[in-house]
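Proteins come first, then strands; the chains are lettered A, B, ... in the order of their sequence lines, and each starts at number 1.
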4 protein chains.
Amino acid sequence: MPLSEKQIQNMELRKKKILEAAMGLFATEGYEGTTIKKVSVAANVSFGSVFTYFKDKEALFYTVVVEPLTELKERVLFFDETSADPLLETKQMLREHFRAFAEMNRYLQLVVQVVGQHERYADVFKELDEFHDVFRGKVGKLVQNGQQIGVFKKQDPLIVATLYTSLLIGVRLNSTDNRYSDVWEQYAVTALNLFAPTEKVTDKGLS
Amino acid sequence: MPLSEKQIQNMELRKKKILEAAMGLFATEGYEGTTIKKVSVAANVSFGSVFTYFKDKEALFYTVVVEPLTELKERVLFFDETSADPLLETKQMLREHFRAFAEMNRYLQLVVQVVGQHERYADVFKELDEFHDVFRGKVGKLVQNGQQIGVFKKQDPLIVATLYTSLLIGVRLNSTDNRYSDVWEQYAVTALNLFAPTEKVTDKGLS
Amino acid sequence: MPLSEKQIQNMELRKKKILEAAMGLFATEGYEGTTIKKVSVAANVSFGSVFTYFKDKEALFYTVVVEPLTELKERVLFFDETSADPLLETKQMLREHFRAFAEMNRYLQLVVQVVGQHERYADVFKELDEFHDVFRGKVGKLVQNGQQIGVFKKQDPLIVATLYTSLLIGVRLNSTDNRYSDVWEQYAVTALNLFAPTEKVTDKGLS
Amino acid sequence: MPLSEKQIQNMELRKKKILEAAMGLFATEGYEGTTIKKVSVAANVSFGSVFTYFKDKEALFYTVVVEPLTELKERVLFFDETSADPLLETKQMLREHFRAFAEMNRYLQLVVQVVGQHERYADVFKELDEFHDVFRGKVGKLVQNGQQIGVFKKQDPLIVATLYTSLLIGVRLNSTDNRYSDVWEQYAVTALNLFAPTEKVTDKGLS
DNA sequence: GATGAATGAGACTTCATTCAT
DNA sequence: TATGAATGAAGTCTCATTCAT
């Protein structure tokens, strides 16, 4: 007797609730600071139910870290590094990236923890690190593109890309707010300097 | 009977060994991942001795995070924000900062943890946050100085300063090495762009 | 609506599968080592179905231990203690007993557990113990019969009977195979000495 | 600072108390039926102290089973299989063996569990099984010795030895008392028949 | 002051049992 | 009746902290 449609939906809802509760707790209280009991209470679910959906705490953590990576990838890798107008592309990219990093606050807090203690979270870090490489590589290509066209000064594109991704995560680490606001808009504008644009860049392109 | 000079020195040595062992463990294994037993073994000291020098685990952690802050402050706040040559001052500052951040790896890993979970480590975070404000303010003044003289383009100096400190911690977070090397040297050079220097900046000033 | 003949047959089949799976698991993994989940998987039946047929784990265990007792009784109490040729009767009994104990390996493993921890399995042990008394009593009568006729030396018949049943279970405990083989045949022959036969006993009667 | 003599003695006492409590519980309630909490209460020791002396439950069980094996070996392998009077030697051996099996009741209950579920307790069973082989071999030699001298009828000595050790453990399994008594004395006398003595054996040698 | 045994709170996890579908 | 998700009691084990020596 297979499960009814309604049951399946209900289970997915419960699983989602658990994941959200777990994400919030892992982000603010850390791995050990988060107990299954706390998660179950926050998710308004019985203690044992957490284990119905996740083999153990480790598996819960893994899912919490890896699953939202899909959304992060989509929001972060959308840009066209082969654009004919790399300056404009970069400006738009910056704005979108800062917006994404502003909005995905809780998740990125988690990412920081994993990256900061990569030896401890080796499995999960591997996933993040692979993404980081892809991300940095793509940014590097855009930088190179801009340099060839002459809108960016000549510099090692990978160094620039590395500094840029570091800047993003660093800003996220140093901020405590969850919303995209004027400050983040300003960050995006100012961060363009990292790419060393040759022309007089005004805010026009972004406004 | 007062303690002899020799005894006092010995105790200080033991305390230092414990602190160093604890720093390494807290940095790589986290707060809960670090047990007093592990610390005592790493410090080559008996289990109970840890409690002779520190009231409890909390106090040990606090000391481990707060005490090295003095060194960090010294290495990071050394620059002269009122310098008559703010461009040169900035270049030198960059190099020294990246060097410091490269070398104080383990400690900064710890800092990242505390900042990333500031709600959890409220007490200790307060100390770090106050330092961060001072640091950012001083950098902001240097930026302002440079803008007035005309070596930097006009931008909100505090935004620039914030991005700069974020970049520093972000680079540290994304790197895994412990030594100052050519890569870090390049970071320092390239990061200057964040300040939007007006003249043609070459590596001369840094080499 | 009463259940159809087919349905009833199906249910009996399912129940039997569960019992067999449970017997194997209880025998090799013990009471606590056996989980309802394992039983359901081994029986190729859903988790909940076990509870459809048995009130709880306790009831399942009880059935697993008590139900096969009928077969054991039949195979073990078949002999005629009033036989006019008690020596021959004893020889045949021995062979059949050892054969039964060789073949009912799994079940007897279970019996050993219950007997070995009779305080813990008081209910179920009671059943086994009553059977044991009957068994021993009947063997005792055969021994007495043989002694009166003079084919066995005089000894306390109950002591002999007790030693004999102990020997049976002891041999079963010390062996790991599941089949009746030459070794078991030899056991049966040699075990006759326990009854202290007066004449020269050869293997003739058994071969 | 090494532990004082007094402290060491106290620790040994505590460890012994735990072992005794554990043996009683494992014997009567089985491995899973025995909880660390029960052991600590029975040993009049705190919960955590059990883990001070034993790595985990498994290690406790192992020690409980393997340590008393030394005593069992001593009490069981004492006899001289090369004796010039193998009949007398056998009679004495029987008496001592039954006495030992009567007195080491609790421990042998444990042995029965391990042997009865050897797959589950593979590690610990190995130790017991090795001992059993030695034991059986030595008994076999004594039987052979007796057969050569002519006090025992010719039979496969190893079969006799196997039946004998099985008888011992079987009797222990079927009895519930803890003391050596008249019944056990009678068992010892009657069990001699298993060896098929040729002469008229009376109780003289044993009384 | 130095040591490490003693303690018990609290975490993770398993699993029998219930019950809605 | 068959199924398997939901639940929470109970067990193992870790580890911070205390304290006697």
**Item:** Test: K55(D) cationic atom under 6.0 Å from Y62(D) six-membered ring centre, within 45° of axis
**Value:** no
Which whole-number value in Å describes the distance from [X] [atom1] to [N] [atom2]?
| X | N | atom1 | atom2 | answer |
| --- | --- | --- | --- | --- |
| I18(A) | dA5(F) | CD1 | P | 13 Å |
| Q9(A) | dT21(E) | CD | C1' | 15 Å |
| E32(B) | dT14(F) | CD | P | 17 Å |
| F54(B) | dT18(F) | CZ | P | 16 Å |
| K55(D) | dT12(F) | NZ | C1' | 12 Å |
| I8(C) | dT1(F) | CD1 | P | 11 Å |
| N44(C) | dA2(F) | CG | C1' | 13 Å |
| I36(A) | dG11(F) | CD1 | P | 21 Å |

**Prompt:** Quick one: do K126(B) and E130(B) make a salt bridge, cutoff under 4.0 Å?
**Reply:** yes
Considering only [options], which nucleotide approaches the side chain of [X] most closely?
| X | options | value |
| --- | --- | --- |
| T52(D) | dA6(E), dT7(F), dT13(E) | dA6(E) |
| M11(D) | dA16(F), dT17(E), dA6(E) | dA6(E) |
| K57(B) | dG4(F), dC12(E), dT17(F) | dT17(F) |

**Prompt:** More 5' along DNA chain E: F47(B) or D56(C), using each one's nearest nucleotide?
**Reply:** F47(B)
**Complete:** Between Y53(B) and N10(D), whichever has its closest DNA chain E nucleotide further toward 5' is Y53(B)
**Message:** Using a 4.0 Å heavy-atom cut-off, does T34(D) contact any base of the nucleic acid, only the sugar-phosphate backbone, or nothing at all?
**Reply:** sugar-phosphate
**Request:** Would you mind classifying the nucleic acid contact of S49(D) as base, sugar-phosphate or nothing, using non-hydrogen atoms under 4.0 angstrom?
**Result:** base
**Prompt:** Can you find a pair of side-chain heavy atoms, one from T176(A) and one from N105(A), that are under 4.5 Å apart?
**Reply:** no
**Fill in**
Between K38(D) and K37(B), whichever has its closest DNA chain F nucleotide further toward 5' is K38(D)
**Asked** Mapping V45(C) and F51(D) to their closest nucleotides on DNA chain F, which lands nearer the 5' end?
**Response** V45(C)
**Atom pair CD/CD of Q113(A) and E29(A) - distance to nearest 0.5 Å** = 10.5 Å
**Message:** Please name the nucleotide paired to dT14(E) by Watson-Crick or G-U wobble geometry with both distances under 3.5 Å, or report none.
**Reply:** dA9(F)
**Request:** Give none if dA20(E) has no partner; otherwise give the nucleotide forming a Watson-Crick or G-U wobble pair with it, both distances under 3.5 Å.
**Result:** dT3(F)
**Request:** May I ask you to evaluate whether R14(D) reaches the phosphate of dA5(E), defined as a side-chain N or O under 4.0 Å from OP1 or OP2?
**Result:** no
**Request:** Kindly give the heavy-atom pair with the smallest separation between N44(C) and K17(C), and that separation in Å.
**Result:** O-NZ, 4.0 Å
